[in-house]
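Encoded as C-alpha coordinates, the structure appears first; notes follow it.
Each ligand, and each atom within it, is numbered from 1 in the order the structure gives.
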Amino acid sequence: MKHSKYIFLVTIFSILCLPYDSRGEKRRFVTETDSDGVQRVEILAGKHFFDPDYIVVKVNVPLEIKIKKESGITPHNFVIKEPDAGIDIHESTSTETKTIKLTPMKTGKYKFYCDKKLLFFKSHREKGMEGILDIVD
Ligand SMILES: [Cu+2]
(Lines give C-alpha, C1' and ligand atoms only; values in the text may rest on other atoms or scores of the structure.)
Protein backbone atom coordinates (compact mmCIF):
# COMPACT_ATOMS: atom_id res chain seq x y z
CA MET A 1 0.00 0.00 0.00
CA LYS A 2 2.71 2.44 1.06
CA HIS A 3 4.76 1.45 -1.97
CA SER A 4 2.03 2.19 -4.52
CA LYS A 5 1.45 5.59 -2.91
CA TYR A 6 5.15 6.34 -3.44
CA ILE A 7 5.00 5.31 -7.11
CA PHE A 8 1.91 7.48 -7.55
CA LEU A 9 3.66 10.54 -6.09
CA VAL A 10 6.78 10.03 -8.20
CA THR A 11 4.64 9.74 -11.34
CA ILE A 12 2.74 12.92 -10.55
CA PHE A 13 5.99 14.75 -9.80
CA SER A 14 7.55 13.63 -13.11
CA ILE A 15 4.50 14.75 -15.07
CA LEU A 16 4.56 18.16 -13.38
CA CYS A 17 8.25 18.61 -14.16
CA LEU A 18 8.04 17.63 -17.82
CA PRO A 19 6.57 20.77 -19.39
CA TYR A 20 8.97 23.01 -17.51
CA ASP A 21 12.02 21.04 -18.64
CA SER A 22 11.04 20.86 -22.29
CA ARG A 23 10.19 24.56 -22.32
CA GLY A 24 13.52 25.37 -20.66
CA GLU A 25 15.41 23.34 -23.24
CA LYS A 26 13.62 25.01 -26.13
CA ARG A 27 14.62 28.50 -25.06
CA ARG A 28 18.08 27.61 -23.81
CA PHE A 29 20.95 29.75 -25.08
CA VAL A 30 24.67 29.35 -24.46
CA THR A 31 26.74 32.48 -25.16
CA GLU A 32 30.02 32.39 -27.03
CA THR A 33 32.74 34.95 -26.43
CA ASP A 34 33.17 37.19 -29.47
CA SER A 35 36.59 38.23 -30.82
CA ASP A 36 36.39 41.46 -28.80
CA GLY A 37 36.18 39.46 -25.57
CA VAL A 38 32.48 40.13 -24.97
CA GLN A 39 29.72 37.55 -24.74
CA ARG A 40 26.33 38.59 -26.05
CA VAL A 41 22.75 37.44 -25.81
CA GLU A 42 19.56 38.83 -27.31
CA ILE A 43 16.38 38.48 -25.31
CA LEU A 44 12.80 39.05 -26.36
CA ALA A 45 10.33 39.98 -23.62
CA GLY A 46 6.73 39.05 -24.38
CA LYS A 47 3.43 38.17 -22.81
CA HIS A 48 4.41 36.43 -20.52
CA PHE A 49 7.79 34.99 -21.34
CA PHE A 50 11.44 35.68 -21.99
CA ASP A 51 13.05 34.08 -25.02
CA PRO A 52 15.53 32.62 -24.26
CA ASP A 53 14.68 31.92 -20.64
CA TYR A 54 17.70 29.79 -19.76
CA ILE A 55 20.95 31.58 -20.53
CA VAL A 56 24.37 30.10 -19.89
CA VAL A 57 27.20 32.66 -19.59
CA LYS A 58 30.85 32.57 -18.51
CA VAL A 59 31.94 34.05 -15.20
CA ASN A 60 34.28 37.08 -15.30
CA VAL A 61 33.69 37.72 -19.01
CA PRO A 62 31.91 40.98 -19.94
CA LEU A 63 28.33 40.34 -20.98
CA GLU A 64 26.03 42.41 -23.16
CA ILE A 65 22.34 41.70 -22.92
CA LYS A 66 20.38 43.13 -25.83
CA ILE A 67 16.77 43.21 -24.84
CA LYS A 68 13.57 44.37 -26.49
CA LYS A 69 9.90 43.67 -26.02
CA GLU A 70 7.37 42.45 -28.52
CA SER A 71 4.96 45.04 -29.89
CA GLY A 72 1.80 45.80 -27.95
CA ILE A 73 0.83 48.00 -25.04
CA THR A 74 1.82 45.61 -22.25
CA PRO A 75 4.93 46.95 -20.51
CA HIS A 76 7.71 44.62 -19.43
CA ASN A 77 10.95 45.00 -17.56
CA PHE A 78 14.04 42.96 -16.85
CA VAL A 79 15.13 42.48 -13.27
CA ILE A 80 18.04 40.65 -11.66
CA LYS A 81 18.98 41.51 -8.10
CA GLU A 82 22.08 39.49 -7.27
CA PRO A 83 24.63 41.87 -5.73
CA ASP A 84 26.84 38.92 -4.66
CA ALA A 85 27.35 38.12 -8.34
CA GLY A 86 27.89 41.80 -9.21
CA ILE A 87 24.46 42.10 -10.81
CA ASP A 88 21.85 44.71 -9.95
CA ILE A 89 19.54 45.38 -12.90
CA HIS A 90 16.08 46.86 -13.07
CA GLU A 91 15.55 47.94 -16.66
CA SER A 92 12.35 48.76 -18.50
CA THR A 93 12.07 47.42 -22.05
CA SER A 94 10.74 48.92 -25.27
CA THR A 95 10.40 47.76 -28.86
CA GLU A 96 13.77 49.45 -29.52
CA THR A 97 16.66 47.21 -28.47
CA LYS A 98 18.39 48.26 -25.25
CA THR A 99 21.86 47.11 -24.29
CA ILE A 100 22.65 46.19 -20.69
CA LYS A 101 26.33 45.72 -19.86
CA LEU A 102 27.63 43.78 -16.90
CA THR A 103 30.29 41.29 -15.89
CA PRO A 104 29.05 38.22 -14.00
CA MET A 105 31.32 37.81 -10.95
CA LYS A 106 30.19 34.58 -9.35
CA THR A 107 29.07 31.19 -10.66
CA GLY A 108 25.57 29.98 -9.88
CA LYS A 109 22.03 29.98 -11.17
CA TYR A 110 20.30 33.34 -10.77
CA LYS A 111 16.71 34.22 -11.55
CA PHE A 112 15.71 37.08 -13.79
CA TYR A 113 12.13 38.20 -14.13
CA CYS A 114 9.62 40.88 -15.02
CA ASP A 115 8.01 42.50 -11.98
CA LYS A 116 5.24 44.32 -13.85
CA LYS A 117 1.81 43.85 -12.39
CA LEU A 118 -1.57 45.29 -13.27
CA LEU A 119 -3.68 46.32 -10.26
CA PHE A 120 -4.72 43.26 -8.27
CA PHE A 121 -3.84 40.77 -11.01
CA LYS A 122 -0.96 38.33 -10.79
CA SER A 123 2.49 39.73 -11.57
CA HIS A 124 4.06 38.85 -14.90
CA ARG A 125 6.60 36.83 -12.97
CA GLU A 126 3.82 34.75 -11.48
CA LYS A 127 2.46 34.27 -15.00
CA GLY A 128 5.75 32.71 -16.08
CA MET A 129 7.90 35.70 -16.97
CA GLU A 130 10.98 34.33 -15.31
CA GLY A 131 14.21 32.79 -16.45
CA ILE A 132 17.59 31.60 -15.24
CA LEU A 133 20.99 33.13 -15.82
CA ASP A 134 23.37 30.23 -15.34
CA ILE A 135 26.86 31.59 -14.69
CA VAL A 136 29.51 28.92 -15.25
CA ASP A 137 33.29 28.61 -15.09
CU1 LIG B 1 6.25 41.61 -18.17
Self-check item: Whether F78 and F112 hold their rings parallel, tilted or perpendicular, with breakpoints at 30° and 60°
Solution: tilted
Quiz prompt | Under-4.0 Å salt bridge between K66 and E42 | solution = no
Quiz prompt | Nearby protein N/O/S atoms (those under 2.8 Å) for the Cu ion (ligand 1), with water ignored | solution = H76 ND1, C114 SG, H124 ND1, M129 SD
Practice problem: Identify, with sequence neighbours excluded, every residue that meets side chain to side chain donor-acceptor pair (under 3.5 Å) alongside S94. | Solution: none
Self-check item: With sequence neighbours excluded, residues passing side chain to side chain donor-acceptor pair (under 3.5 Å) with K98
Solution: E91, S92
Self-check item: Partner residues of T97 under the side chain to side chain donor-acceptor pair (under 3.5 Å) criterion, sequence neighbours left out
Solution: none
Quiz item: With distance as the sole criterion, is a donor-acceptor pair present between the side chains of H90 and D115 under 3.5 Å?
Solution: yes
